[in-house]
Amino acid sequence: MKKTLLLLGLCLSLGGSFAQDSEPLVAASRAAVKVYATRLKGELVKAMKSGGPLQAIEVCHGKAPMIAREVSLEKGLRIGRTSLKTRNPGNAPDAWERKVLVSFEERKARGESPSKMEYSELVERNGQREFRYMKAIPTGAVCLNCHGADIAPAVAAKLDALYPQDQARGFKMGDIRGAFTIRQSKE
Ligand code: HEC
């Protein structure tokens, strides 16, 4: 009994210190997501206005990974996007990301809104401590042009050509389209 209590106390204090330690890391992750999302959305909206979804595909295809690299360099971390149903197989989740994405779906099924959904954890990989963070990305109206169930034929044809393994179609408003994902070395 005493041992259990001791263990419990240890776990609680570890949990507590993680929460304290991780506060600035969570704040930095949120800030990086904000910069990445704002830049990406800015480019997307600009391209949609000037040339419609056909031209905007170029933004998502070329600029999304480029902006991710820029923000990663600026912020000293690694940021990207992932999903349970990817368009670009290069964005496929690793085991940890898949687990978090599944838990996001479960949280949504229990009634939580995806708009503020996030998760972070201090993990160990090959003996290195790493801070990992994910934030859900809800599907909005504009997204349906390229991720919905009813995609214009010319857009679908271009997506077919660029992404023969595309799984990222058939989404509805409010669905979790995927998540921003961040990793940061703790050493
Ligand atoms: C003009 C077409 C277009 C629109 C509109 C669009 N996307 Fe995408 N989306 C793409 C393309 C193309 C990719 C693949 C990018 C790459 O190669 O990394 C992509 C990739 C993604 C990914 C990365 C995971 C994956 O599937 O590879 C997420 C997350 C995503 N989009 C979310 C959204 C959200 C949320 C919206 C609405 C705000 C949106 N997209 C609007 C075309 C679009």
Side-chain angles (χ1 to χ4, degrees), residues 29-75 77-108 112-120 132-183:
S29 302
R30 286 183 186 140
V33 162
K34 202 165 181 180
V35 172
Y36 182 34
T38 307
R39 273 189 214 168
L40 198 55
K41 194 120 191 223
E43 292 285 348
L44 184 69
V45 168
K46 202 169 72 186
M48 289 288 281
K49 275 198 185 128
S50 67
L54 214 51
Q55 188 174 318
I57 290 177
E58 300 297 339
V59 170
C60 301
H61 179 59
K63 288 203 177 156
M66 202 180 77
I67 299 171
R69 280 195 295 275
E70 276 170 19
V71 177
S72 298
L73 273 174
E74 279 169 32
K75 302 282 183 185
L77 40 75
R78 271 184 293 163
I79 192 166
R81 295 183 304 169
T82 188
S83 174
L84 288 173
K85 289 191 203 163
T86 50
R87 170 149 293 163
N88 182 341
N91 295 327
D94 67 13
W96 186 87
E97 287 167 331
R98 177 171 297 278
K99 193 185 70 186
V100 176
L101 286 165
V102 167
S103 79
F104 281 174
E105 291 293 347
E106 286 164 0
R107 284 162 66 175
K108 181 172 177 285
E112 188 178 335
S113 156
S115 62
K116 291 217 167 81
M117 205 178 273
E118 58 180 359
Y119 181 77
S120 60
R132 302 194 70 171
Y133 171 90
M134 282 175 74
K135 184 173 195 304
I137 307 175
T139 308
V142 68
C143 320
L144 301 179
N145 285 294
C146 301
H147 295 296
D150 191 17
I151 300 177
V155 175
K158 188 155 185 183
L159 290 172
D160 285 342
L162 286 170
Y163 302 97
Q165 301 179 59
D166 190 12
Q167 296 180 297
R169 300 184 199 184
F171 285 87
K172 299 185 301 295
M173 281 274 280
D175 280 349
I176 298 177
R177 171 60 193 88
F180 294 104
T181 179
I182 291 183
R183 53 206 304 174

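Everything numeric in this text was worked out from a predicted model, so none of it was measured. Indexing begins at 1, ligand by ligand and atom by atom, following the structure's order. Atom set for the values below is all heavy atoms of this structure, side chains included, hydrogens, waters and symmetry mates excluded.
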Ligand 1 contacted by P138 (non-hydrogen, < 4.0 Å):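 Yes, P138 has heavy atoms under 4.0 Å from ligand 1.
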Nearest-neighbour protein heavy atom for atom 35 (C) of ligand 1, which is reported as residue plus atom name and distance: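 Here the closest protein heavy atom is I137 CG2, 3.4 Å.
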N/O separation below 3.5 Å, N88 to ligand 1: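 Yes: some nitrogen or oxygen of N88 is under 3.5 Å from one in ligand 1.
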N-O pairing of E105 and K108 below 4.0 Å: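 Salt bridge flag = no for K108 with E105.
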Minimum-distance protein heavy atom relative to atom 22 (C) of ligand 1: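 Checking every protein heavy atom, the shortest distance to atom 22 (C) of ligand 1 gives R81 CZ, 3.5 Å.
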Metal proximity, H147 vs atom 8 (Fe) of ligand 1, N/O/S cut-off 2.8 Å: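 Checking H147: at least one N, O or S atom is under 2.8 Å.
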Heavy atom of the protein closest to atom 23 (C) of ligand 1 (residue, atom name, distance):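 Going by distance alone, atom 23 (C) of ligand 1 is nearest to N91 ND2, 3.7 Å.
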Shortest protein heavy-atom distance from atom 38 (C) of ligand 1, along with the residue and atom involved: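 That would be C143 SG, 2.7 Å.
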Region of C60 that comes within reach of ligand 1 [heavy atoms, distance under 4.0 Å]: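 Looking at C60 and ligand 1, atoms from backbone and side chain both fall under 4.0 Å.
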Heavy-atom donor-acceptor pair, K135 side chain to S115 backbone, under 3.5 Å: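 Indeed, once roles are kept as given, a pair shorter than 3.5 Å links the two residues.
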Shortest non-hydrogen contact between M48 and P53, atoms and distance: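 Between these two residues, the closest heavy atoms are SD-CA, 3.6 Å.
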Sub-4.0 Å heavy-atom contact, P53 with ligand 1: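 Distance cut 4.0 Å: P53 passes for ligand 1.
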Any N or O of T82 closer than 3.5 Å to N or O of ligand 1: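 There is no such contact.
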For atom 26 (O) of ligand 1, the protein heavy atom that lies nearest, with its residue and separation: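 Minimum-distance protein heavy atom for atom 26 (O) of ligand 1 reads R177 NH2, 2.4 Å.
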Short N-O contact, E97 and R183, less than 4.0 angstrom: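 Looking at R183 together with E97, the answer is no, because their closest N to O distance does not fall below 4.0 Å.
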Sub-4.0 Å heavy-atom contact, Y163 with ligand 1: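 Under 4.0 Å: yes for Y163.
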Which segment of A47 sits under 4.0 Å of ligand 1 when only heavy atoms are counted: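 None of A47 does.
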Nearest non-hydrogen protein atom, atom 1 (C) of ligand 1: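 Residue, atom and distance for the closest contact: C146 SG, 2.7 Å.
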NZ or CZ of K85 within 45° of F171 ring axis and under 6.0 Å: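 The answer is yes; both the distance and angle limits are met.
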Heteroatom proximity flag, T139 to ligand 1, N/O under 3.5 Å: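 In fact, backbone or side chain, T139 has no N or O that close.
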Plane angle bin for F180 and Y36 - parallel if under 30°, tilted between 30 and 60°, otherwise perpendicular: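 Geometry flag for F180 against Y36: perpendicular rings.
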Heteroatom proximity flag, R87 to ligand 1, N/O under 3.5 Å: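 Right, the criterion is met.
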Backbone or side-chain N or O of N145 under 3.5 Å from ligand 1 N or O: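 No; the residue has no nitrogen or oxygen that sits under 3.5 Å from a nitrogen or oxygen of the ligand.
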